[in-house]
Amino acid sequence: MARHTSHRVRRAPRAHWLLLLLVMAVLLAELCLDGWVRGVPGASPSAAPGELGPVLQVQADGTVRSAGMPAGAVALTFDDGPDPRWTPLILDALRRHHARATFFVVGSRVNQHPDLVRRIVAEGHELGVHTFTHADLAALPAWRQRLELDLTRTAIAAATGRTVRLLRPPYLSVPERLPAGFLTVMTDRDTQDWQRPGVDAIVAAAAPGGVVLLHDGGGDRTQTVAAVERIAATPGRRFVTVSEGLGLPPDAAAGTGDVARGHALRWAQTAGGWISAAMWWLIVAATVLALIRLAVQVAIARRHARRAVAGRLRSFGLVSVVVPAYNEAANIAATVRSLIGNDYPALEVVVVDDGSTDDTADVVRRLALPGVRLIRQANAGKPAALNTGVAAARGELLVLVDGDTVFEPDAIGRLVQPFADPSVGAVSGNTKVANRGGLLGRWQHLEYVVGFNLDRRMFDLGECMPTIPGAIGAFRRAALLDTDGVPADTLAEDTDLTMAILRAGWRVVYADRAIAWTEAPSSLRQLWRQRYRWCYGTMQAAWKHRRAVGERGHLGRRGLVYLAVFQMLLPLTAPLIDVYAVYSLLFLPWAQVAAVWCGFTALQVLAAGYALRLDRESLGPLWTVPLQQVVYRQLLYLVVIQSAVAALLGGRQRWQASVRTGLAAAAVTPHGPGLPGALEPHQAPTVDPDRASHSTHSSTHSSTHSMDLPAPQGFEPWVARDGRAWPSDLSGRP
């Protein structure tokens, strides 16, 4: 009997949900900032200068005044920088010929290369605003125009400590209303160097002088660098900055507030770049791992299916079935009937009523079925109920099942066949969802078939099965004795027990043809409570058996590592993947995003279809696979987050029992899995879900009410109702 442990219950943490939403919002904002600044294009065709002079200023009365360079003065201006490759080469050429110029910089690039901007100023050149993202101001609303200009001005202030007054709109496209507070600089000579017309053409276009437009960023500027070398070397020309040509004083020092805002902007942009890069590699790593997992699952499932050996089933003597039941009146009749209706020749069923508050025990008693014993005990928890049943059972092979499970007629016979190998200590059966109507039912059905059963095939061949489901599992009594019975110190006693059996040196295998039908949660709330118990309990069990990583056997290095990576760590990154998906919809081409999503979904559909075929299931539910990405996937990864937070905060969580409705019994009909006779599910009583919990605090004292059960008379050959012979074979007994 497992040691009874009193668990202190803590309220499930809640503040982390607000923290999660805040983190996701910040990450999305940073990604959007990075996507916004990365949208900076290269140089584009320029509009023709207007009839006014190249420098425009809005007066206080709203009129526009224009000015130009004095005779003999040449103002070389460079757009789209700073660029870490081309800007230094242009600065070197200007320095060799003692020429000064004006650089209209893009704010996002200023934040990326602040040292280069400081060099521009230190060598006597002038800076101007070219917007923050190289946006067409004429096509933007007023608020976006102000944002583009203000952000660039603060970026320059943080990099140089100075303010700027010059502006050149990208594409030389002047908005309907010129921005106040700036001198808008157009051009006298557009060299069209962005088209790379040749060095001679660029030099000739700049020859007359005035305000000359060139580019130091946005593409290949090899011709521009060579042309600047020749233009600056031309004798008889005076090269000035725009402000110098207009006779304006140098730029003033920037205010403390502008500098502080500029630094904050640069840090946010830098963080956005880091986050974007990290998220990209996270997406790549998660995708690669998911694809590898999918490929391995399919390949191993195919190998596992081919390994199945057909032939006559063997009898291993008396098999005892233990059914722990707490408030299972809705399903217990169907469960017991399906067990007694199994065609295995020597079978006893022990139902342990664990202090039910409904009439579970009365339902079993009224059935009055031969071969069924009823034990009643005060509520002590499922592990205690299982241990009570194991102690009372007389078989050396024990099948432990849930009280809402309905067995196929040949399930027990198929389940015990692997015990022909003396090294096998436990066998997992194949659990199927009975109530698979509606989206939630179909999603759980697919999860059981595609996720759980594909994993079990892989674990079987890898000899590292971490969980035998509580719905259908068979155990040698010797294996249970080696592990001191069913443990009670985790919420996932089935996982805890399976890991303990593996560590004790027994093999655990999977019998995919041993099928049992279970009632799945019928609401999101019930599903949440069930999966939270599973996930939290699995984390407990993995931590409890963490030393298996350094032991002989495959549980630690295969099973635990797999659980840690694919059932704990990767789900924790899923919110980040969803954030990146939203970012992709906003900033990446929709066709590209749709192609990636459709391709990945198609692989999932194909894998699901193969898994359904292996399990001899209809392909009908496949149409719901794309919809799983919308609600079901999010619920499952939120469960993992909740479990991880609860585990980190410590404390123990109470059992979250589901309220049974009899859906499993109602869904399993003679026209479905082929059970003998009509099953009559008992009407479920009305129970408060919050009170329907399998307590682990109550007394373990029990009282036994046994029905007459004849002692086994040996294991002679026996012919089942379907005419199949069961030859006796005791070789599997320990």
Hey, what do you get for [atom1] ([X]) to [atom2] ([Y]), rounding to the nearest 0.5 Å?
| X | Y | atom1 | atom2 | result |
| --- | --- | --- | --- | --- |
| Thr191 | Ile202 | OG1 | CD1 | 5.5 Å |
| Asp150 | Gln145 | CG | CD | 11.5 Å |
| Arg144 | Leu149 | CZ | CG | 11.0 Å |
| Trp443 | Leu446 | CH2 | CG | 10.5 Å |
| Arg165 | Arg153 | CZ | CZ | 10.5 Å |

Who passes side chain to side chain donor-acceptor pair (under 3.5 Å) against [X], sequence neighbours left out?
| X | answer |
| --- | --- |
| Thr538 | none |
| Asp136 | Ser173 |
| Arg238 | none |

Apply ring pair (Phe, Tyr, Trp, His ring centres under 6.0 Å) to Phe104 and list each qualifying residue two or more places apart in sequence or on a separate chain.
none
With sequence neighbours excluded, tell me which residues meet ring pair (Phe, Tyr, Trp, His ring centres under 6.0 Å) with His125.
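His125 satisfies ring pair (Phe, Tyr, Trp, His ring centres under 6.0 Å) with Phe103 once adjacent residues are dropped.
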For [X] and [Y], which heavy atoms make the closest approach, and how far apart are they?
| X | Y | value |
| --- | --- | --- |
| Met539 | Ala647 | SD-CB, 4.5 Å |
| Val639 | Trp528 | CG2-CE3, 3.5 Å |
| Ile90 | Asp216 | CD1-CB, 3.4 Å |
| Pro169 | Met186 | CD-SD, 4.4 Å |
| Pro82 | Val106 | CD-O, 4.4 Å |
| Glu148 | Thr133 | OE2-OG1, 2.7 Å |

By the salt bridge (Lys or Arg N to Asp or Glu O under 4.0 Å) test, which pairs, at least two apart or in different chains, include something from residues 586-604?
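As it turns out, there is no salt bridge (Lys or Arg N to Asp or Glu O under 4.0 Å) pair with a partner in residues 586-604 once direct neighbours are skipped.
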Check the pair Ile641, Leu20 against side-chain contact (heavy atoms from CB on, under 4.5 Å), reporting the backbone distance first and the verdict last.
CA-CA 9 Å; Ile641 293 173; Leu20 175 63; 4.0 Å; yes
Kindly indicate, with the supporting measurements, whether the criterion side-chain contact (heavy atoms from CB on, under 4.5 Å) is fulfilled by Asp80 and Trp194.
CA-CA 11 Å; Asp80 298 346; Trp194 60 273; over 6 Å; no
Under 3.5 Å, side chain of [X] to main-chain N/O of [Y], donor-acceptor pair present?
| X | Y | answer |
| --- | --- | --- |
| Arg237 | Gly209 | no |
| Gln57 | Phe182 | no |
| Asp188 | Val211 | yes |
| Trp86 | Thr222 | no |
| Thr77 | Val212 | yes |
| Glu30 | Gly272 | yes |
| Thr102 | Val242 | yes |
| Arg266 | Gly262 | no |
| Ser108 | Phe132 | yes |
| Gln223 | Gly198 | yes |

Would you say [X] and [Y] make side-chain contact, with heavy atoms under 4.5 Å?
| X | Y | result |
| --- | --- | --- |
| Val199 | Thr224 | no |
| Ile120 | Glu126 | no |
| Thr270 | Asn111 | no |
| Leu248 | Leu183 | yes |
| Val259 | His263 | yes |
| His97 | Ile231 | no |
| Leu116 | Pro88 | yes |
| Val121 | Arg162 | yes |

Hey, mind stepping through Gln604 and Gln629 against side chain to side chain donor-acceptor pair (under 3.5 Å) and telling me if it holds?
CA-CA 11 Å; Gln604 290 180 309; Gln629 311 304 313; 3.2 Å; yes
Whether the Tyr536 and Gln642 side chains hold a donor-acceptor pair (N or O, under 3.5 Å, no angle test) is what I'd like checked.
no
Using the side chain to side chain donor-acceptor pair (under 3.5 Å) rule, collect all pairs that involve residues 247-261, keeping only residues at least two apart or in two chains.
Asp258-Arg261
May I have all residue pairs that pass side chain to side chain donor-acceptor pair (under 3.5 Å) and include part of residues 276-286, sequence neighbours excluded?
Asp34-Ser276
Could you check, using the six-membered ring where one of them is a Trp, whether His98 and Phe239 have ring centers closer than 6.0 angstrom?
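No, they do not, as the ring centres are separated by 6.0 Å or more.
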Please list, chain by chain and in numerical order, all residues satisfying salt bridge (Lys or Arg N to Asp or Glu O under 4.0 Å) with Arg100, sequence neighbours excluded.
Glu244
Excluding sequence neighbours, so at least two apart, what forms salt bridge (Lys or Arg N to Asp or Glu O under 4.0 Å) with Arg168?
Asp79
Could you pull out every donor-acceptor pair under 3.5 Å between side chains of residues 571-587 and any protein atom, sequence neighbours left out?
from   : atom 1 : to     : atom 2 : distance (Å)
Thr573 : OG1    : Leu570 : O      : 2.7
Asp578 : OD1    : Arg633 : NH1    : 2.8
Asp578 : OD1    : Arg633 : NH2    : 3.2
Asp578 : OD2    : Arg633 : NH1    : 3.3
Asp578 : OD2    : Gln634 : NE2    : 3.2
Asp578 : OD2    : Tyr637 : OH     : 2.8
Ser584 : OG     : Tyr580 : O      : 2.8

Name every donor-acceptor pair, under 3.5 Å, that has one atom in a side chain of residues 282-294 and the other anywhere in the protein, sequence neighbours excluded.
from   : atom 1 : to     : atom 2 : distance (Å)
Thr287 : OG1    : Ile283 : O      : 2.7
Arg293 : NE     : Tyr562 : OH     : 2.6
Arg293 : NH2    : Asp455 : OD2    : 3.2
Arg293 : NH2    : Tyr562 : OH     : 3.1

Taking it one step at a time, do Arg221 and Asp83 satisfy side-chain contact (heavy atoms from CB on, under 4.5 Å)?
CA-CA 10 Å; Arg221 296 290 167 255; Asp83 184 277; over 6 Å; no
Below 4.0 angstrom, N of the basic side chain to O of the carboxylate: do Glu123 and Arg118 qualify?
no
Give a yes/no verdict on a cation-pi contact between Arg546 and Trp543, requiring under 6.0 Å between NZ or CZ and the six-membered ring centre and an angle within 45° of the axis.
yes
Take Leu56 and Arg65, measure what side-chain contact (heavy atoms from CB on, under 4.5 Å) needs, and give me the verdict at the end.
CA-CA 6 Å; Leu56 310 175; Arg65 189 180 71 173; over 6 Å; no
